[in-house]
Amino acid sequence: MKLIMLGAPGAGKGTQAKRIAEKYDIPHISTGDIFRANIKKETQLGLKAKEYMDKGLLVPDELVVDIVADRLLEDDCKKGFILDGFPRTIPQAESLDEALAKMDTKMDYAINIDVPDENIVRRMSGRRACVKCGATYHLKYSAPKKENVCDTCEGELIIRDDDQPETVQKRLSVYHKQTRPLIDYYQGKNILITVDGTVDIDKVTESIIDILGA
Ligand code: AP5
Ligand code: ZN
């Protein structure tokens with residue numbers, strides 16, 4: 001199964017993509033996670049990406065499209081994959097289509113997790129991320145067992161640099177301008193699924209699996 005997760009920042013793409021990837025045994029490819037791993041290792045790519053991410057802006061298309069195209073050629077992607085945070089602009093979507101055409105395949109579904117902006121700001125303020133493994137928690141909706149400690153790897157939980165309220169507002173406006181048009185793009189290809197992302201985490205997963213099939 002080849003899937004794309006669409007949705008505003010904080011809509012729950014990462015949370016759901018992880019669950020769907022486990023359920024269907026496919027790799028979870030998050031461009032945000034790839035950039036954060038590079039920032040942590042202080043690579044050239046990480047240093048460049050950080051400049052944009054900290055301002056709530058998108059990293060330029062040319063820094064991201066080849067990374068994804070190369071990742072899709074790896075063996076584990078033969079059984080399918082779930083893209084989280086990519087594509088994020090129409091040019092990225094077009095370059096993804098080209099990469100898939102070369103591989104003689106196409107996407108099955110684009111899953112749009114729909115959450116109004118008001119809910120997003122509230123959610124982001126409670127998000128905590130593991131410094132070691134990147135796992136995501138929420139102080140209220142998916143709290144770790146021990147305060148500020150990751151359940152899986154015992155890493156410390158921190159607030160992401162780009163989760164400051166002003167940056168969240170900027171990310172939302174960038175989403176509306178640059179990423180939301182992808183909803184029409186995938187609707188036009190007849191592969192768009194929209195699910196209500198305001199209900200609790202398990203319910204969102206259930207509604208996605210209901211549509212994809214068990
Ligand atoms: P990225 O990491 O992709 O960030 P994002 O799209 O802004 O999405 P988030 O990770 O913030 O949120 P999410 O939708 O995954 O929500 P989550 O599951 O964590 O990108 C970061 C930056 O990298 C971008 O701003 C950009 O600069 C750059 N970048 C990345 N990809 C790029 C690309 N392709 N091109 C250019 N630049 C790129 O959930 C949020 C919180 O809510 C969590 O605390 C969670 O526990 C909680 N939660 C989730 N679901 C629910 C629910 N149903 N009810 C209650 N709480 C919930
Ligand atoms: Zn962890």
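Indexing begins at 1, ligand by ligand and atom by atom, following the structure's order.
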Per-pair distances, 0.1 Å, donor-acceptor, side chain in residues 48-60, under 3.5 Å, sequence neighbours excluded:
residue, atom, partner, partner atom, Å
Lys50, NZ, Asp54, OD2, 2.7
Lys50, NZ, Asp161, OD2, 3.3

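- Linking ILVMFWY residues whenever their side-chain heavy atoms come closer than 4.5 Å, directly or via other members, places Val64 and Ile29 in the same cluster.
- Looking at Thr43 and Asn38, their side chains do bring a donor and an acceptor atom within 3.5 Å of each other.
- Using a heavy-atom distance under 4.0 Å as the criterion, the protein contacts of ligand 1 are Ala8, Pro9, Gly10, Ala11, Gly12, Lys13, Gly14, Thr15, Thr31, Gly32, Phe35, Arg36, Met53, Leu57, Leu58, Val59, Val64, Gly85, Phe86, Arg88, Gln92, Arg123, Met124, Arg127, Thr136, Tyr137, His138, Tyr141, Ser142, Arg160, Asp162, Arg171, Gly197, Val199, Asp200, Ile201, Val204.
- Using modelled atom types, one finds a donor on one side chain and an acceptor on the other under 3.5 Å when comparing Thr89 with Asp61.
- At a cut-off of 3.5 Å, with distance as the only test, a side-chain donor of Thr205 or Arg19 sits close to an acceptor on the other residue.
- A side-chain donor-acceptor contact under 3.5 Å links His176 and Asp117.
- By the salt bridge (Lys or Arg N to Asp or Glu O under 4.0 Å) test, Glu22 pairs with Lys18, sequence neighbours left out.
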Worked verdict on Lys2 versus Asp108 for salt bridge (charged side-chain N to carboxylate O under 4.0 Å, His left out): CA-CA 5 Å; Lys2 300 185 187 71; Asp108 295 307; 5.2 Å; no

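- When only modelled atom types and interatomic distance are considered, Tyr185 and Asp97 share a side-chain donor-acceptor pair under 3.5 Å.
- Neighbouring protein atoms of the Zn ion (ligand 2) (N, O or S, distance under 2.8 Å, waters ignored): Cys130 SG, Cys133 SG, Cys150 SG, Cys153 SG.
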